[in-house]
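Below is one structure, written out as structure tokens; the observations come after it.
The basis for the numbers below is simple: all heavy atoms, side chains too, and nothing from hydrogens, waters or symmetry mates. Below, chain A is the first sequence line, B the second, and so on; all start at residue 1. These numbers were taken from a predicted model, which means no experiment stands behind them.
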Amino acid sequence: MTLDKNFDPAAIEARWYEHWESKGLFRPERKDAEPYTIVNPPPNVTGSLHIGHALDNTLQDIIIRHERLKGKDALWVVGMDHAGIATQMVVERQMNERQQKRTDFTREEFVEKVWEWKEESGGTITKQLRRLGCSMDWSNERFTMDEGMNEAVLKVFVDLYNDGLIYRDKRLVNWDPALKTAISDLEVETTDIKGSFWHFKYPLADGATLDDGRDYIEIATTRPETMLADMAVAVHPSDDRYKSVIGKEIEQPITGRRFKIVADEHADPELGSGAVKITPGHDFNDFEVGKRAGIAAGDMLNMLDGEANVCQTSDGLVPEEYIGLHRFKKDGIAGVRELVVQQLKELGLLIPHVTKNKDGEEVEHDAEPRTIATPFGDRGGVVIEPWLTDQWYVDAETLAQPAIKAVRDGDIEIVPKTWEKTWFNWMENIQPWCVSRQLWWGHRIPAWYGPDGEIFVAEFEEEAIGQALEHYAIDNPEDFPGLSRDTDVLDTWFSSALWPFATLGWPIDDAPTPANDADVSSKTLERHYPNDLLISGFDILFFWDARMAMQGIQFMKDVPWKRLYLHGLVRAEDGSKMSKSKGNVVDPLGLIDEYGADALRFFMAAMESQGRDIKMDDKRVEGYRNFATKLWNASRFCETNGIGASKTLSAPEATLPVNRWIISEVVETQQALDKALTGLRFDAAANTIYHFTWDRFCDWYLELIKPVLQGDDDGTADETRLVAGWVLDQIIVMLHPFMPFITEELWHSMGERNYDLIVAKWPAPKAEIDAEAKGEIDWLIKLVSEVRSTKVELNIPPGTKMAAHVPDGDNALQDKIARHAAALDRVGRLEAVSFDPAPDGASAQLVVDDATYVLPLAGAIDIDAEKARLTKALEGVSKEAKSLEGRLGNANFVEKAKPEAAEKARADLADKTTESERLQAALDRLG
RNA sequence: GGGCGUAUAGCUCAGUGGUAGAGCACUUCGUUGACAUCGAAGGGGUCGGGAGUUCAACUCUCUCUACGCCCACCA
């Protein structure tokens, strides 16, 4: 077949992907090969491919394709996340459009509808990952709510419960009033918003007064609405202003509730008045103060319902007009906050904030303006309410310890290393993980409650009932009224934390029996756990990575992965974060349409340097599209010159220096590439193959072999065809992890193949670096470059053929020149080289290594231009020589520097001196 | 309040204890049958400021400045 003039990515991408997938080439059977494993961060079933996925998955695909080419049993596990909140929101939103709501259905009906949605509309992203060229093992695609995962989740929950690592507790949680569920600390995003700081008088009860005679305590708050559940006022124990009233009571003006003034270190004398109101049921700090003051969690007052509307407190003291009011102003109706402020103001208990206007007059305001760090739910987008409820917690502190140790001992290597500190810092200060969610979509918590609230945790209801019968000492099950199951589901991250082992067959083969010994899955788990590497964005370090480490070590007694690579964010062109609201989101599929998947992938790799975010740059993607075209055209050249697929894996025998040289260059490139990939330096890897292909292979090698290919066939042309074909093959293989589509296409275009490129062999040239050939071609390149730049500077048309005289050329040089006569003619436009002295008359002179080349010029030469050129060259060389001289003249340098450094300086100086002498001589000849 | 990161050519970024590199942009030239999605040759940087260590610092240490991110209970 003949290659078209231009490379059209769209014409081949889908075809090759389909080919690979249908032939099962993403997971070729390699039972005896060394395993290599990565698991893909399961994207949300609701998700579609964004630019961050493109980066994350490109990097993983590069690694897995590289390992596959190296012959490993490379497994890239893929699947989707059921994404509890996100998915439930999508389905509920659709219901809203049809004037329906979740509660119109039974739980079972609703969940059924979510499954229907999942089957029809979910998983868009899996098609999009295919467009990117990602070679994951789709034949075993998983879902966090598939049968195996369900089993794993149940077992993990039950085991953790039995080990005391999961427990039910009544404490404050982050409550999202929009979604009506508890969320974890990590799902809370703190944002600074402009708010108000109010100052109020809290009257002392029973006629008590402060030492200064005031009959009230001043308290300040940003959240006056919580006053309806105030249960104390705290002052610092050493604060002299309030010592006398500690233990005395306050009468809350709105509720009439009486409560104590307590001493607590939490109160900061420097802040506000030094006295702070305490609402244990609605503030995390106050909860702790309340507990210290002897208020049990069960006695703490709650004044809000799940939607953050006011409800009656257990002491019944909330005035009727407040009941049902929203916490904030809503739909134009004043909320509790506004009403409380208004009422206290009417009672004369508001202490105004006084400022001076520009005329120096005092002006009173209700409140002091203040920036308040406010918690928002990351999904629901509304202000989070600390709320007192019963929830399930994971004892993260205990689970974190071995995960800390694993990183400290090097069992997990975090790349880049700077993230270790973040890991330790978070793990060492970890809080209990609230894992229960008041949703319907997700893994339902395997806990049942007896009539008296007794908890029974088991994988199945029958087991729970069994436990209950035993617990209540009931002999006849028919006498037992039954258990009610916990209605909550688990945090989505609870299941995805099990991904590295649950996707490999756990827990089915947790305890191998003769029956399942032959089961592949048990070997799968054994072979592929721990995973070799995890690649993830740092944004899910805590959400996912850390939890995988905790659960993996707990249940598998080993780390989930040996290395953890964290990459940054892809930012918009101006460096800002991409977001839908800003409208600056770049669609990776659009880039694929425009430039091809290969170009986008190469861009991602080339831009991925450790520890830095990537800024989007379309021009650069375009540049890599051009690179693909360049390779395409180089292949066309080969094709039309009888260069095709190599028959050998190792480098062909070569005699010509140019062939020996390019083979050496392949060896060096392959070594540099392997080193970069092993070190997860994607940028270095991409640049290595890019420059080898374009600069070495296309710009020099192909140019230098043109005369050989066209010359008389003395065997050198055949040798060159073999070498060129082999080198092109090596390029195609080495580039494949980065640009899978174009390389697979070229692989087949260049000749008959016994296998597809995706499962080809990574280069192992078995060739030494040929220093002699390298030195010779380096000289040739230098000479040709010198000739070219000389012409430009002397305004000689580049196509002009010239002759050169090398009067001081020794035998070795003469031989060298003779060997490359054809290339010098064709590439350097030096048609004749003589070793006789140059004739008198105008000439250009150039110095390469230790010889001077005199190029006689027909007609007038611009003496001044030639002088300027030589002078400039001389200046450069002398400057370097001078600096080297200075260094060598410094006794300290000679004594203290490393011997190699001094040695090199001496050698460099000798070279520079020769060169400058020659340039000076050339200059002198010009007169 | 802690922690981290980044400041290198007009732009986006690599980089090494021995006087700096890439891509794009820019300038000049080029239709020699692979490629104008190209080729050739160039211009352009006191490597954020200051101090220190060293024979030598863009590279190590400290400090300052600017920007960014993460964590944290300041009512």
Side-chain angles (χ1 to χ4, degrees), chain A residues 3 5-7 185 190 197 219-223 226 234 266-268 270-279 283-289 370 372-373 386 416 418-419 421-422 424-426 429 538-539 541-542 568-569 571 573 575-577 595 599 603 606-607 609 611-620 622-641 681 683-684 687 690-691 695 698-699 702-703 706 784-785 788-793 795 797-799 826 829 879-880 883-884 886-887 890-898 901-902 904-905 908:
Chain A
L3 293 173
K5 190 174 172 194
N6 277 307
F7 168 54
D185 299 349
T190 307
F197 194 40
I219 53 107
T221 182
T222 56
R223 302 207 55 198
T226 60
H266 166 69
D268 180 354
E270 303 296 315
L271 209 66
S273 64
V276 56
K277 70 184 209 63
I278 299 297
T279 321
D283 182 282
F284 288 99
N285 285 314
D286 294 3
F287 180 79
E288 297 302 324
V289 175
R370 177 178 269 239
I372 303 162
T418 50
W419 284 102
K421 261 199 170 158
T422 308
F424 292 137
N425 190 45
W426 188 70
N429 297 293
F538 65 74
D539 51 331
L541 175 62
F542 304 143
L569 253 51
R571 297 179 166 276
E573 205 135 3
S576 62
K577 217 167 159 174
Y595 303 109
F603 166 81
M607 297 306 289
S609 66
R612 192 193 266 273
D613 287 345
I614 292 177
K615 273 185 202 154
M616 202 51 231
D617 182 357
D618 286 15
K619 293 290 288 178
R620 194 138 181 168
E622 185 185 349
Y624 293 124
R625 187 273 319 261
N626 295 352
F627 174 58
T629 306
K630 183 75 182 175
L631 174 67
W632 185 261
N633 279 301
S635 304
R636 284 178 65 217
F637 169 81
C638 290
E639 190 181 41
T640 51
N641 282 280
R681 287 308 308 247
D683 54 344
N687 286 327
Y690 178 93
H691 285 112
D695 302 347
C698 292
D699 286 350
L702 291 185
E703 292 306 321
K706 279 177 183 174
V784 170
S785 302
R788 285 172 175 170
S789 57
T790 301
K791 280 184 183 167
V792 168
E793 283 171 66
N795 285 315
R826 166 113 188 195
R829 309 262 106 190
K879 197 179 153 205
E880 284 182 55
S883 147
L884 287 163
R887 208 186 303 163
N890 181 342
N892 276 326
F893 173 71
V894 181
E895 278 172 36
K896 297 184 181 172
K898 282 177 289 185
K904 185 172 182 298
D908 286 353

Testing B:rC29, B:rA34, B:rG18 for proximity to the side chain of A:Pro798, the answer is B:rC29
Tightest non-hydrogen contact, residues A:Gly568 and A:Phe538, listed as CA-CE2, 3.5 Å
(message) Counting the atoms with a prime plus P, OP1 and OP2 as sugar-phosphate, which does A:Ser883 contact under 4.0 Å by heavy atoms, base, sugar-phosphate, or nothing?
(response) base
A:Arg788 CZ to B:rU32 P, in whole Å, measures 14 Å
Requested in this report: Please measure how far the C1' atom in B:rC64 lies from the corresponding atom in B:rG23, and state the result in whole Å.
Outcome: 34 Å
Rounding to an integer number of angstrom, what distance separates B:rA75 and B:rG3 when you compare their C1' atoms?
25 Å
Margin query: Is any side-chain heavy atom of A:Phe287 closer than 4.5 Å to one of A:Asp283?
Written below: no
Atom NZ of A:Lys896 and atom P of B:rG17 are separated, to the nearest Å, by 21 Å
**Item:** Flag for A:Lys277-A:Thr279: side-chain donor and acceptor within less than 3.5 Å
**Value:** yes
Pairwise C1' distance for B:rA20 and B:rG2, with rounding to whole Å:
37 Å
In whole angstroms, the gap separating P of B:rC24 from CD1 of A:Ile614 amounts to 18 Å
A:Tyr624 atom OH is separated from B:rG23 atom P, nearest whole Å, by 9 Å
Of the candidates B:rC74, B:rG18, B:rC69, the side chain of A:Arg887 sits closest to B:rG18
* Relative to each other, are the rings of A:Phe627 and A:Tyr690 parallel, tilted or perpendicular (30° and 60° limits)? -> tilted
Output field dot_bracket for RNA chain B (Watson-Crick or G-U, both distances under 3.5 Å, | for other-strand pairs) contains (((((((..((((.......)))).(((((.......))))).....(((((.......))))))))))))....
Note to self: Does a side-chain N or O of A:Lys619 approach OP1 or OP2 of B:rC24 to a distance below 4.0 Å, or not?
What the structure shows: no
Which of B:rG42, B:rA75, B:rC55 is nearest the side chain of A:Glu793? It is B:rG42
- Query: Is A:Arg571 near enough to B:rC69 that one of its side-chain N or O atoms lies under 4.0 angstrom from OP1 or OP2?
  - Reply: no
Looking only at B:rA40, B:rA75, B:rC70, the nucleotide nearest the A:Ile372 side chain is B:rA75
Atom P, compared across B:rC24 and B:rA40: separation rounded to whole Å
12 Å
Atom CG of A:Asn626 and atom P of B:rA36 are separated, to the nearest Å, by 11 Å
Nearest-nucleotide check on RNA chain B, A:Gly272 vs A:Gly623; residue mapping nearer the 5' end is A:Gly623
- [ ] Mind checking A:Ala234 for me? I need base, sugar-phosphate or nothing, with any heavy atom below 4.0 Å counting as a touch.
- [x] nothing
- prompt: Counting any heavy atom closer than 4.0 Å, what does A:Lys421 reach on the DNA or RNA strands: base, sugar-phosphate only, or nothing?
  reply: sugar-phosphate
Rounded to whole Å, CZ of A:Phe424 lies from P of B:rC4 at a distance of 13 Å
Using a cut-off of less than 4.0 Å, is there contact between a side-chain N or O of A:Lys615 and OP1 or OP2 of B:rC13?
yes
- Expressed in whole Å, how much space separates the P atoms belonging to B:rU12 and B:rU54? 38 Å
From CG of A:Leu884 across to P of B:rA56 the rounded distance in Å is 17 Å
Against the side chain of A:Asn285, the closest entry in B:rU37, B:rC55, B:rC73 is B:rC73
Whether the side chain of A:Asn633 engages the backbone of A:Arg636 through a donor-acceptor N/O pair (distance < 3.5 Å, no angle test) should be reported.
no
Next item on the list: Give A:Arg636 one of three labels, base, sugar-phosphate or nothing, depending on what nucleic acid heavy atoms sit under 4.0 Å from its own.
Entry: sugar-phosphate
Heavy atoms only, 4.0 Å cut-off, all strands: where does A:Cys638 land among base, sugar-phosphate and nothing?
nothing
Taking any heavy-atom pair under 4.0 Å as a contact, classify A:Asp617: base, sugar-phosphate, or nothing. nothing
Of B:rA14, B:rU37, B:rG18, the nucleotide closest to the side chain of A:Lys898 is B:rG18
Checklist entry - Quick one: is B:rA14 close enough that its OP1 or OP2 comes under 4.0 Å of any side-chain N or O from A:Arg612? => result yes
message = Using modelled atom types and a 3.5 Å cut-off, is there a donor and acceptor pairing between side-chain atoms of A:Asn429 and backbone atoms of A:Asn425?
response = yes
### Message
For a quick check of understanding: with a heavy-atom distance under 4.0 Å over all strands, which category does A:Val792 fall into, base, sugar-phosphate or nothing?
### Response
sugar-phosphate
Using a 4.0 Å heavy-atom cut-off, does A:Thr422 contact any base of the nucleic acid, only the sugar-phosphate backbone, or nothing at all? nothing
| query | How is A:Asp286 classified with respect to the nucleic acid when contacts are heavy atoms under 4.0 Å: base, sugar-phosphate, or nothing? | reply | nothing
Assign each of A:Thr221 and A:Asn641 the nucleotide of RNA chain B bearing its closest heavy atom; nearer the 5' end lies the nucleotide of A:Asn641
Tightest non-hydrogen contact, residues A:Lys630 and A:Cys698, listed as CE-CB, 3.7 Å
Hey, is the main chain of A:Lys615 close enough, under 3.5 Å, to the side chain of A:Glu573 for a donor-acceptor pair? no
A:Asn892 side chain N/O closer than 4.0 Å to the phosphate oxygens (OP1, OP2) of B:rA56? no
Atom CG of A:Asn633 and atom P of B:rG39 are separated, to the nearest Å, by 10 Å
Problem - Atom C1', compared across B:rA25 and B:rC62: separation rounded to whole Å - result: 38 Å
Q.
Between B:rU27 and B:rA9, how far apart are the two C1' atoms, rounded to whole Å?
A. 15 Å
With the side chain defined as heavy atoms from C-beta on, A:Asn890 is closest, among B:rC55, B:rA40, B:rA75, to B:rC55
From the candidates B:rA41, B:rA34, B:rU12, the one with an atom nearest any side-chain atom of A:Ser785 is B:rA41
Determine the Euclidean distance between corresponding P atoms of B:rC11 and B:rU19; express it in Å to zero decimal places.
-> 26 Å
Regarding the side chain of A:Asn6, the nearest nucleotide among B:rG39, B:rA75, B:rU37 is B:rU37
- Task: Describe the nucleic acid contact of A:Glu288 in one word from base, sugar-phosphate, nothing, applying a heavy-atom distance below 4.0 Å.
- Result: nothing
With sugar-phosphate meaning primed atoms plus P, OP1 and OP2, does A:Gly568 contact a base, only sugar-phosphate, or nothing at under 4.0 Å between heavy atoms? nothing
Review point. Would you say B:rA34 has OP1 or OP2 under 4.0 Å from some side-chain N or O of A:Lys706?
Key: yes
Using a heavy-atom cut-off of 4.0 Å across all strands, would you classify A:Lys879 as base, sugar-phosphate, or nothing? base
Quick check with a 6.0 Å cut-off and a 45 degree axis cone: is A:Arg620 positioned over the face of A:Phe603's six-membered ring?
no
Next item on the list: Answer yes when A:Arg681 and A:Asp683 have at least one side-chain N-carboxylate O distance shorter than 4.0 Å, and no when they do not.
Entry: yes
Under-3.5 Å donor-acceptor pair between A:Glu703 side chain and B:rA34 base: yes
*Cation-pi check, A:Arg370 to A:Phe197: give yes when NZ or CZ is under 6.0 Å from the six-membered ring centre and within 45° of the ring axis, no otherwise.*
yes
Of the listed B:rG18, B:rA14, B:rC73, the closest approach to the A:Arg681 side chain comes from B:rA14
Checklist entry - Would you say the side chain of A:Asn6 lies within less than 4.5 Å of the side chain of A:Thr629, judging by non-hydrogen atoms? => result yes
